[in-house]
Undergrad: 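The structure under discussion is supplied below as structure tokens; questions concerning it will follow.
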Amino acid sequence: MSAIRGVFGSVVVVPAVVLLFGSAWQWHGLVFVHAWCVPILWGSMGALVAARSRLRLADRLLAAWSRADLVLASALVYAVVFRPPTGLGIALVTIPPVVALVYVARRSPALTTVYAAILWVFLAWLIPGAVTARIVSRIARVHELSVDHRLVPDGDEINSDGIRFRGDDDELAADDFVVLFLGDSFTYGLHLDYADAYPYAFETLLADGSCRETVRAVNFGWTSSSPLLSLRLLREIGYRYRPDLVIYNLDMTDFHDDLRYEQQLRNEGDFQIAWPRVINAALEPWWPGEPLDVRGIFQIFRQAPSGAVPEEISEVPEKRFFPMLEPLVRTRADLARGVMRNLAALHEFSHDVLGSDFAVVIYPRAFQYSRRESLHNWEEDKVERMGPYALEPFRYFDEVEKDLPYPVVSLLPAFQGSERFPLFLNNDPHWTRFGAALAAEEVARELTALDLLPCQLSRSST
């Protein structure tokens with residue numbers, strides 16, 4: 001029976017500490033226990049049980065572990081029933097009865113079995129809740145909890161409008177040539193310093209005296225944005241920045257995201273948790289104060305009730321990279337009803353309301369052109385590297401560009417022909433500072449050639 005209690009204690013040790021003490025301390029940002037500690041401790045316990053007949057030290061460790069089980073079990077029960085105490089008086093009144101209850105239960109084999117079963121139920125119910133609370137609290141520090149999930153001002157890089165811009169609209173001079181960069185995490189500059197993010201690398205490049213006016217970049221990108229969400233943001237605050245040029249930077253996930261966000265915005269459902277992604281996020285090596293990585297953004301969804309969505313957007317392709325998994329003939333309609341419709345609306349609003357020019361930049365992911373870039377990123381199993389349909393989105397824009405009222409700049413040739421390496425992070429699908437710099441250089445050169453910038457750039461300046 002002591003072995004049973006000891007094994008069970010190894011399972012509850014981390015949840016007990018985290019839930020009773022860690023929850024209060026995490027609230028102050030002081031401590032977080034790695035999620036892998038539970039299986040590590042459980043495996044260690046199994047090794048001790050296997051070695052106890054041959055090693056006296058193992059037997060002693062098991063005995064110590066069994067004695068600690070009372071404390072651990074009491075902590076877990078207390079965390080479930082009362083949660084971390086808000087004051088010393090409450091703790092003194094409530095903790096002793098819980099310890100006494102667990103102690104009595106452990107004196108009887110039958111009650112021990114009951115108490116173990118109860119704790120397992122508590123674990124099954126409480127641990128997902130604790131993980132969810134952790135995820136939601138981390139997201140809320142960086143993003144609003146809505147379908148738009150816009151950035152939360154931080155007093156440093158994220159301004160009062162929730163965009164990555166050090167300053168506000170009133171810091172732009174009347175004679176500045178303002179370029180708004182719309183897009184997702186690539187535009188935002190995920191994992192990059194502020195100055196290395198693609199929009200500000202672009203601004204730095206054009207500060208060499210080759211432009212008639214001062215070119216200012218304003219970064220309207222944020223993680224997991226899309227043309228639809230960028231349109232909503234542009235309509236709300238775009239006028240404050242008086243743009244001369246609006247650029248939408250199209251990512252390969254935008255085709256799916258636009259359809260999904262459209263569906264979510266049209267229903268009345270509550271926010272729900274996507275448990276597969278919660279589990280993935282729970283296994284990440286989190287530490288206090290670090291921003292949640294890109295996968296955490298997808299924890300919060302709107303639940304779409306059956307029949308609540310108009311027929312034209314009721315079906316969303318299952319795979320996020322669907323345009324790169326099938327021939328264009330099968331995906332063309334989905335591209336038109338989502339991304340292309342919203343790009344047209346972005347162009348119309350930019351031109352008719354803001355009085356600015358509009359352009360689209362489309363860039364490749366590593367898997368579309370390279371066998372050595374970003375080999376261990378967490379999306380590697382989602383799509384075949386350099387598969388037969390990997391470049392279908394670029395083929396689509398080649399076909400439709402002549403009929404579009406705005407120019408499309410493809411960065412595929414620049415990335416294919418670049419000798420810089422690496423342009424992408426090895427364990428993440430996003431750009432290194434070299435990739436962001438290459439994008440900035442190519443966009444500046446192409447837009448200058450299209451006479452959309454007040455600049456005269458030579459090949460050597462880029």
Undergrad: Check whether any side-chain heavy atom of Leu452 sits under 4.5 Å from a side-chain heavy atom of Thr448, and report yes or no.
TA: no
Undergrad: Check whether any side-chain heavy atom of Phe321 sits under 4.5 Å from a side-chain heavy atom of His256, and report yes or no.
TA: no
Undergrad: Under 3.5 Å, is there a donor on one side chain and an acceptor on the other for Asn377 and Asp428?
TA: no
Undergrad: I'd like to know if Glu236 and Arg232 make a salt bridge, using a cut-off of under 4.0 Å between side-chain N and carboxylate O.
TA: no
Undergrad: Answer yes or no: is there a side-chain heavy-atom contact under 4.5 Å between Val179 and Asp244?
TA: no
Undergrad: Is the shortest distance from a Lys or Arg side-chain nitrogen in Arg260 or Asp257 to a carboxylate oxygen in the other one below 4.0 Å?
TA: yes
Undergrad: Hey, does Met324 have a side-chain heavy atom less than 4.5 Å from the side chain of Gln368?
TA: yes
Undergrad: Does any N or O in the side chain of Asp193 come within less than 3.5 Å of the main-chain N or O of Asp196, such that one atom is a donor and the other an acceptor?
TA: no
Undergrad: Classify the ring geometry between Tyr363 and Phe186 as parallel (under 30°), tilted (30 to 60°) or perpendicular (over 60°).
TA: tilted
Undergrad: With a 4.0 Å cut-off, would you call Lys382 and Glu379 a salt bridge?
TA: no
Undergrad: Mind listing the closest non-hydrogen atom pair of Ser226 and Tyr261 along with its distance?
TA: OG-CD1, 3.4 Å
Undergrad: Measuring only between side-chain heavy atoms, which start at C-beta, is Arg433 closer than 4.5 Å to Tyr198?
TA: no
Undergrad: Check the pair Leu328 / Tyr389 against side chain to side chain contact (heavy atoms under 4.5 Å, CB included), numbers first and verdict last.
TA: CA-CA 8 Å; Leu328 182 58; Tyr389 310 116; over 6 Å; no
Undergrad: Testing the basics here: between Leu259 and Val316, what is the closest heavy-atom pair and its distance to 0.1 Å?
TA: O-CG2, 3.8 Å
Undergrad: With rounding to the nearest 0.5 Å, note down the distance linking CG in Asp169 to CG in Asn159.
TA: 8.0 Å
Undergrad: For the pair Ser418 (side chain) and Ala414 (backbone), establish whether a donor and an acceptor sit closer than 3.5 Å, ignoring hydrogens and angles.
TA: no
Undergrad: Output yes when a side-chain donor or acceptor of Asp176 lies under 3.5 Å from a complementary backbone atom of Ala173, and no otherwise.
TA: yes
Undergrad: Within the side chain of Asp258, is there an N or O that forms a donor-acceptor pair under 3.5 Å with the backbone of Leu228?
TA: yes
Undergrad: Other residues, nucleotides and ligands only: do more than 12 of their heavy atoms fall within 6.0 Å of CG on Asp381?
TA: yes
Undergrad: Looking at every non-hydrogen atom in both residues, tell me the closest pair between Met340 and Leu404 and how far apart they are.
TA: CE-CD2, 3.9 Å
Undergrad: Would you confirm whether Ser370, through its side chain, and Ala366, through its main-chain N or O, come within 3.5 Å as a donor-acceptor pair?
TA: no
Undergrad: Does Arg242 use its side chain to pair, donor to acceptor, with the backbone of Leu172 at less than 3.5 Å?
TA: yes
Undergrad: What are the two closest non-hydrogen atoms of Leu229 and Ser224, and how far apart are they?
TA: CD1-O, 4.2 Å
Undergrad: Is it true that Thr187 and Asn219 share a donor-acceptor pair across their side chains at a distance under 3.5 Å?
TA: no
Undergrad: Would you call the rings of Phe424 and Tyr369 parallel, tilted or perpendicular if under 30° counts as parallel and over 60° as perpendicular?
TA: tilted
Undergrad: Begin from the C-alpha positions of Leu180 and Leu234 and carry the test side chain to side chain contact (heavy atoms under 4.5 Å, CB included) through to its verdict.
TA: CA-CA 9 Å; Leu180 295 190; Leu234 191 67; 3.7 Å; yes
Undergrad: Taking all heavy atoms of Gly189 and all of Arg164, pick out the closest pair and write down the distance.
TA: O-NH1, 3.2 Å
Undergrad: Applying side chain to side chain contact (heavy atoms under 4.5 Å, CB included) between Leu411 and each of Val443, Ile362, Asn249, report the one that passes.
TA: Val443
Undergrad: Examine distances only and state if a side-chain atom of Asp254 and a backbone atom of Leu250 form a donor-acceptor pair shorter than 3.5 Å.
TA: no
Undergrad: Between Cys455 and Arg212, is there a side-chain heavy-atom distance shorter than 4.5 Å?
TA: no
Undergrad: Output, in order, the C-alpha distance, side-chain angles, deciding distance and verdict of side chain to side chain donor-acceptor pair (under 3.5 Å) for Asp168 and Ser160.
TA: CA-CA 7 Å; Asp168 290 303; Ser160 58; 3.0 Å; yes
Undergrad: Does the pair Leu233 and Asp148 meet the rule for a side chain to side chain contact (heavy atoms under 4.5 Å, CB included), with working shown?
TA: CA-CA 9 Å; Leu233 179 66; Asp148 288 290; over 6 Å; no
Undergrad: Within the distance-only criterion (no hydrogens, no angle test), does the side chain of His191 pair as donor or acceptor with the backbone N or O of Leu425 below 3.5 angstrom?
TA: no
Undergrad: Does Arg216 make a cation-pi contact with Phe177, if we ask for NZ or CZ under 6.0 Å from the ring centre and within 45° of the axis?
TA: no
Undergrad: Give a yes/no verdict on a cation-pi contact between Arg332 and Tyr396, requiring under 6.0 Å between NZ or CZ and the six-membered ring centre and an angle within 45° of the axis.
TA: no
Undergrad: If we ignore hydrogens and angles and just use 3.5 Å, is the side chain of Ser350 paired with the main-chain N or O of Phe358 as donor and acceptor?
TA: no
Undergrad: Starting at CD of Glu441, measure out to CG of Leu205 and round the result to the nearest 0.5 Å.
TA: 6.0 Å
Undergrad: Identify the heavy atoms of Val246 and Ser356 that sit nearest to each other, and give their distance.
TA: CG2-OG, 3.5 Å
Undergrad: Checking the side chain of Asp154 only, and the main-chain atoms of Asp156 only, is there a donor and an acceptor separated by less than 3.5 Å?
TA: yes
Undergrad: Can Arg240 and Asp170 be counted as an ion pair, charged N to O under 4.0 angstrom?
TA: no
Undergrad: Would you check, one step at a time, whether the test side chain to side chain contact (heavy atoms under 4.5 Å, CB included) holds for Phe349 with Tyr239?
TA: CA-CA 10 Å; Phe349 185 81; Tyr239 68 93; over 6 Å; no
Undergrad: Given the ring of Phe367, does Arg385 sit roughly above its face, with NZ or CZ under 6.0 Å from the centre of the six-membered ring and within 45° of the axis?
TA: no
Undergrad: Scan side-chain atoms only and decide if His430 and Ser185 contain a donor-acceptor pair under the 3.5 Å cut-off.
TA: yes
Undergrad: Have a look at Phe220 and tell me which of Tyr248, Phe165, Tyr241 forms a ring pair (Phe, Tyr, Trp, His ring centres under 6.0 Å) with it.
TA: Tyr241
Undergrad: So do the side chains of Pro327 and Glu392 get within less than 4.5 Å of each other, counting heavy atoms only?
TA: yes
Undergrad: Decide yes or no for Val408 and Asp398: does some side-chain heavy atom of the first lie under 4.5 Å from some side-chain heavy atom of the second?
TA: no
